[in-house]
Structure formats: C-alpha cells, structure tokens
Amino acid sequence: MSKRRYRLGAVLAVFAASIAAWMPVTSAQAADADGPVVRINLHDDNLGLPLPPTDDPPQVNWGLDNDGPGTAKDVTISADLSDVIDWVTPDATVPANHIYTWSTRDVPEGPGDGSLIGLSAKPGTPVGTTGTVTLSGTSTNGTVVPITAKVTAGTNDLTVNQLKTRKGDKPETTIDTPITISNVGTLPSDGVQLRMRTTIGLGYAVHYSNCVYSKESPDGYGLTEQALCTFDTVVEPGKSYRVDQPVGLDVTEQALFDYFSHEALPLSGPGADLRSGSGPVLSLVPAGAAATDGVDIDRQHIDADNTADMVADGDTVKGEHGDLVHVTMSLTNEGPGWVGYNASDDQPALMFTVPTGAKAVEIPEHCSVWHIDGPSGEQTPGAPKYICQSMPNEFTVGDSRTFEFGLRIRANAKTTSGEARATTAYGSVMAFDHNHVNDTAAVTVEVKGTDSTATPSPSASPTSGNGTGGNDPSTQTVSSDGTGSLASTGSSGTVRVAAAWGAGALLLGGGLVLLARRRKS
C-alpha cells in the first residue's frame with residue numbers, strides 16, 4: 001500500500017471515529033431540545049431571615065411546572081447553598097460541596113409537587129447580609145430551568161392597623177377609613193404596596209392616580225373591588241406611616257353584610273409607575289413609632305342598616321299513582337341588599353316539606369335530610385323534610401337558585417300539597433329579611449282522577465308581614481320547624497358546628513380571609 005493510500009485510510013478512520021463519537025451527543029442534545037421543559041417555581045424568591053433566629057425558620061419553598069411535551073423522567077432538583085453557607089444554617093444535612101439534592105422523581109405535564117429547605121441566620125450575622133441560593137436540576141429526557149432566590153439577614157415586616165366592626169351605616173352614606181402601616185422588622189422596605197378590598201356593597205369614594213383598581217372574586221367569596229396602591233416611600237424599621245387622607249368607602253344600596261380589608265406588601269426596589277388616572281395621589285406620611293398591635297391583614301366587618309328579601313317559589317305537577325314526577329323550587333334574593341352572611345353559618349336555605357301523598361326518591365345536590373340541629377348531609381329518600389343550600393351561598397340582588405326533587409306518587413294518594421320555605425340552614429328566620437309574606441310557597445302534586453286531600457296549605461311564617469328597622473343579626477328570632485321543636489337561634493357572631501358537607505363551606509367569617517402571607521426581606 002502506498003503512503004498516500006495509508007494516509008487517506010487513516011484520515012477516513014479518524015473521521016469515522018469522530019462521527020461515531022459525535023452522533024450520540026447530538027442525539028442526546030436533540031432529545032433534550034425536543035423533550036419536556038420543567039420550570040422551578042419559588043413560593044418566595046426574596047427570603048428574609050429573622051434576627052435573632054426563630055424556631056420556625058423561613059423556607060426555600062419550591063414547586064415544579066412541566067410545560068411538556070410528555071412526562072419528564074428522572075427529574076433531580078438541587079439547591080446550591082455555597083454563597084450563603086458561611087452565615088446560614090440549613091435545617092437539613094448538606095454535603096461538603098454545599099449542594100443539597102432532593103430525591104429523583106418523574107414529573108407529568110402540568111403542575112408538580114416540590115419540596116423545601118429551611119434556612120436560619122447564624123447568631124451574630126450583621127443585619128443586611130445577603131446572598132443567593134440557586135436551584136437547578138436534570139432530567140434524562142428533558143430540560144430543567146434553574147432559578148435563584150435572594151436571601152437576606154433581617155426582615156421588613158409590615159403590619160396594618162385594626163379597624164373596628166361597624167353596624168348601622170345607612171346606604172348612600174360614606175365611611176372615612178384611616179389606614180396606618182408599621183414596619184416591625186429589622187430592615188427598611190424600599191417601597192410598599194397597599195392592597196385594599198371591598199365586597200360589592202361598598203365602593204371607593206375616590207379613585208387615586210397611584211392605585212390600580214380591578215374586580216375579582218378571591219376565595220370564592222363575593223365579587224370584590226381591589227385597589228392596589230404603590231408608594232415609593234421608604235418605610236423604616238420601628239416606624240409607622242399613615243395615608244395622608246382617610247380612604248372613603250361609599251355604602252351602596254346593595255350594602256348589607258360587607259367587609260373592607262387592607263394589607264401592606266413590601267417592595268424590594270422602586271415600584272413600577274402604576275398611576276392609572278388623573279385623580280389625586282394617595283401618599284404616606286410619618287406617624288411615629290411602629291404600632292405593637294398591628295396585624296398582617298385586617299378585615300373590617302361593616303353591617304349596613306339594610307334588608308334583603310329572600311323569596312321561596314314552589315311548583316305544581318300532575319301525575320298518576322306510581323308515577324315519578326319532578327318538582328322544581330327556587331330561592332331568590334329580591335334585594336335591595338345582597339346577602340353574604342359572613343358572621344355566622346346561618347346561611348340562606350330552602351326547606352322542603354314533602355307532600356304526604358308522595359315520597360322523595362331523587363334528592364338534588366346540596367340538599368339533605370332536615371334535622372333540628374341543622375343540615376345532616378344525608379340524602380336518604382323518603383324523609384318528610386329536606387334542607388337545601390346552594391354553593392356558593394352568597395346571593396346578589398336578583399340571584400336565584402333552583403332545586404329539583406323527584407317524587408314518587410304513593411298508591412291511593414289524592415292531590416296533596418307540601419311547602420317550600422325560605423329559611424336559614426338551621427330553620428330560623430333570617431334577621432335581615434323583614435318581608436315574610438313570600439317566605440313560603442305551595443308544592444302541589446295533582447293526582448289525576450282524585451280530589452285533594454286534607455293536607456293543610458302552607459303555613460305563614462310566624463312573623464308574617466313587613467317588618468321595620470334595619471339589619472340587626474343580634475336580634476334574630478326563631479321559628480318552629482313544624483314538629484313542635486324550636487330551631488337554633490341565629491345570633492350574629494356565633495358560629496355553630498355545621499354538620500357533614502355543610503361545615504367547611506358555610507364557615508366564612510374570619511377563616512375565609514386567612515391569606516398566606518409571603519415572607520419578606
């Protein structure tokens with residue numbers, strides 16, 4: 001073989017080896033490029049560590065989002081603590097390389113579970129010491145996008161003043177609401193956002209140019225109007241600041257059981273220019289030492305001097321012995337106030353007394369067998385009475401909820417009537433409803449070829465007629481449940497233990513507003 005041929009063969013061999021070595025790499029890269037993309041999400045990317053440390057340290061708390069396509073295989077997430085390890089103590093054992101790694105998992109498309117690691121500042125760490133924790137990951141068939149969290153020794157802990165409950169404000173009046181913000185932490189806040197919310201019976205008397213207004217329905221409880229106001233004022237630790245003028249709240253014609261909430265959120269840097277109009281600017285001015293009785297978020301209950309008329313509507317159907325017939329009843333709010341009875345679990349409900357000549361065999365959702373101590377959660381056929389509550393249980397003006405029962409006409413039954421009655425979940429009169437003439441409506445089953453039975457027509461409510469005065473839940477009266485027993489009272493501020501499925505959903509009050517507050521730095 002000539003030297004030239006030998007050299008050519010050597011070159012081809014090297015080239016072939018290069019191709020062989022290159023192809024698996026590019027294939028893996030192509031798989032990564034075409035595979036699922038997983039993003040790491042942080043609950044808080046700006047973590048403040050209290051000084052001195054607490055028994056409940058802040059956490060680097062993360063979750064995953066797989067944007068697809070397909071499941072990400074063998075996903076491993078790690079936290080690199082090398083930048084903070086000199087002054088931070090983790091609540092987990094970290095290897096010598098300062099990289100903490102969680103167990104491997106497969107992550108389907110969509111949101112995925114995450115994990116956390118707690119961090120505490122070491123005693124003696126200077127306030128304001130900062131560093132970063134970087135979270136990254138790998139996947140055998142996809143890509144994991146890294147993310148970084150800032151960690152600071154010290155906190156800027158903002159609280160707001162507590163406002164007293166108000167009762168008796170009349171529609172078409174305005175409430176002046178003073179607001180104070182305090183920094184009870186150890187670091188200044190470079191700026192602050194004031195988040196205010198009102199339920200639909202209240203409105204903002206003035207729209208400020210440094211506030212953004214929006215409609216929302218947080219936690220499923222009533223439509224609210226949010227105002228998010230941004231201030232560039234530096235809020236120093238140990239000091240308080242008040243808005244330079246009380247926030248005016250208009251009490252509207254729909255007001256009844258309403259609330260106003262406010263909270264302060266720290267900014268880690270200058271906020272964006274959120275001026276939304278030509279109105280006046282709401283400002284923060286110094287107000288002395290930080291208040292010691294502030295709260296993270298305050299909810300002021302405002303019970304207006306107003307009423308709401310809850311109306312029951314019945315039905316009439318026809319059938320023969322043994323037939324299955326369907327009756328539809330409704331509960332409607334004819335105003336003028338909306339109903340979001342957030343101080344008690346005595347929510348609006350419809351009580352159905354089944355006609356004696358029929359048996360309830362199909363029970364609709366949110367209806368259960370009536371018991372004297374409230375909704376039972378039982379949907380047993382054949383009971384004489386049922387109580388129905390819709391979810392959600394707020395009623396705007398004009399809002400109507402329907403409930404359809406399937407009734408089997410009994411053998412030898414004659415035309416017979418039962419009753420639909422507007423009541424509370426505990427069978428008592430609704431204190432805010434002063435018109436009881438329309439509380440009840442007949443539910444009649446006409447049996448072909450028969451005369452009516454001696455079943456009495458629906459009884460009027462014990463307080464029939466138009467009442468006087470305004471909303472006063474503390475004086476709520478009690479009506480008979482029709483069996484000779486008295487239902488529970490519905491005093492404002494008293495929360496009973498609701499039975500079965502009704503419990504959690506009915507308990508709005510303070511529990512509704514327990515919002516997760518992000519840790520601050």
Side-chain angles (χ1 to χ4, degrees), residues 220 308-334 339 346-371 374-411 413-427 430 433 438-448 450 452-453 455-459 461 481-482 498-503 505-506:
D309 188 12
M310 301 301 298
V311 178
D313 190 26
D315 197 6
T316 298
V317 294
K318 297 180 180 180
E320 299 178 348
H321 295 132
D323 281 356
L324 176 64
V325 294
H326 292 85
V327 293
T328 301
M329 296 157 287
S330 65
L331 181 63
T332 303
N333 176 18
E334 294 190 354
V339 178
D346 243 345
Q347 306 298 323
L350 190 73
M351 185 179 291
F352 175 37
T353 301
V354 182
T356 55
K359 175 183 178 181
V361 294
E362 294 177 357
I363 318 302
E365 187 180 11
H366 303 315
C367 296
S368 63
V369 176
W370 162 250
H371 288 308
S376 66
E378 304 167 6
Q379 291 194 300
T380 309
K385 286 188 177 185
Y386 296 86
I387 191 80
C388 299
Q389 303 165 267
S390 61
M391 299 297 165
N393 48 22
E394 303 90 23
F395 284 77
T396 57
V397 178
D399 199 0
S400 184
R401 313 291 168 79
T402 59
F403 307 93
E404 182 182 282
F405 280 78
L407 306 180
R408 183 75 66 185
I409 301 176
R410 299 180 186 273
K414 295 183 179 181
T415 295
T416 179
S417 289
E419 178 184 270
R421 179 159 66 94
T423 179
T424 72
Y426 290 86
M430 287 175 274
D433 186 350
N438 51 21
D439 283 0
T440 59
V443 179
T444 302
V445 177
E446 295 182 356
V447 183
K448 295 180 181 179
T450 69
S452 63
T453 64
T455 302
S457 58
S459 58
S461 174
D481 73 340
W501 56 265
L506 293 174

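All figures in this text were calculated on a predicted structure; none of them were measured in a lab.
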Student: What's the shortest heavy-atom distance between G357 and A413, and which atoms?
Tutor: O-CB, 3.4 Å
Student: In terms of side-chain heavy atoms, does D309 have a donor or acceptor partner in N333 at a distance below 3.5 Å?
Tutor: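 The answer is no; no qualifying pair exists.
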Student: Among all residues two or more places apart in sequence or in another chain, which pass the side chain to side chain contact (heavy atoms under 4.5 Å, CB included) test with R401?
Tutor: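 Residues passing side chain to side chain contact (heavy atoms under 4.5 Å, CB included) with R401: S390, F395, D399, F403.
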Student: Closest approach of E419 and V443, non-hydrogen atoms and distance?
Tutor: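 Closest pair (atom of E419, atom of V443, distance): C-CG2, 4.0 Å.
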Student: Restricting to pairs with a member in residues 310-322, which pass side chain to side chain donor-acceptor pair (under 3.5 Å), not counting sequence neighbours?
Tutor: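 Output for this query is empty, none listed.
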Student: Quick one: does any side-chain atom of Q379 pair with a main-chain N or O of P364 as donor and acceptor, under 3.5 Å?
Tutor: yes
Student: Between P355 and G418, what is the shortest heavy-atom contact and its length?
Tutor: CG-N, 3.5 Å
Student: So, taking the atom named CE in M430 and the one named OG1 in T424, what distance separates them when rounded to the nearest 0.5 Å?
Tutor: 7.0 Å
Student: Test side-chain contact (heavy atoms from CB on, under 4.5 Å) on T423 and D439; report intermediate values, then the result.
Tutor: CA-CA 8 Å; T423 179; D439 283 0; over 6 Å; no
Student: I need the minimum non-hydrogen distance between A360 and L407, along with the two atoms involved.
Tutor: CA-CD2, 3.7 Å
Student: Between M310 and P348, what is the shortest heavy-atom contact and its length?
Tutor: CE-CB, 4.0 Å
Student: Show the nearest heavy-atom pair for residues G319 and V325, with the distance to one decimal.
Tutor: CA-CG1, 4.2 Å
Student: To the nearest 0.5 angstrom, please state how far the CD1 atom of I387 sits from the SG atom of C367.
Tutor: 8.5 Å
Student: List for me each residue that meets ring pair (Phe, Tyr, Trp, His ring centres under 6.0 Å) alongside F405, sequence neighbours excluded, and say none if there are none.
Tutor: F352, Y386
Student: Side chain of T416, backbone of V445: donor and acceptor closer than 3.5 Å?
Tutor: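 Checked: no pair found.
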Student: Once you round to the nearest 0.5 Å, how far does CD of E378 lie from CD1 of I363?
Tutor: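 The distance works out to 11.5 Å.
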Student: Using the side chain to side chain donor-acceptor pair (under 3.5 Å) criterion, which residues pair with D433? Sequence neighbours excluded.
Tutor: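 Once residues adjacent in sequence are excluded, D433 has no partner under the side chain to side chain donor-acceptor pair (under 3.5 Å) criterion.
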Student: Got a donor-acceptor contact below 3.5 angstrom from the T402 side chain to the S330 backbone?
Tutor: no
Student: Atom CE in M351, atom SG in C388: separation rounded to 0.5 Å?
Tutor: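 Nearest 0.5 Å value for the CE-SG distance: 10.0 Å.
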Student: Using 0.5 Å steps for rounding, measure from the OG1 atom of T440 to the CG atom of L350.
Tutor: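 Interatomic distance, T440 OG1 to L350 CG, rounded to 0.5 Å: 11.0 Å.
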Student: Which residues pass the side chain to side chain donor-acceptor pair (under 3.5 Å) test with S400, sequence neighbours left out?
Tutor: T332
Student: With sequence neighbours left out, write down each residue that passes salt bridge (charged side-chain N to carboxylate O under 4.0 Å, His left out) with D323, or none if nothing qualifies.
Tutor: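 For D323 there are no salt bridge (charged side-chain N to carboxylate O under 4.0 Å, His left out) partners, ignoring immediate neighbours.
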Student: Does CD belonging to E365 count more than 12 external heavy atoms closer than 6.0 Å?
Tutor: no
Student: Rounded at 0.5 Å granularity, tell me how far CG in N393 sits from CD in Q347.
Tutor: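 Reported value, rounded in 0.5 Å steps: 4.0 Å.
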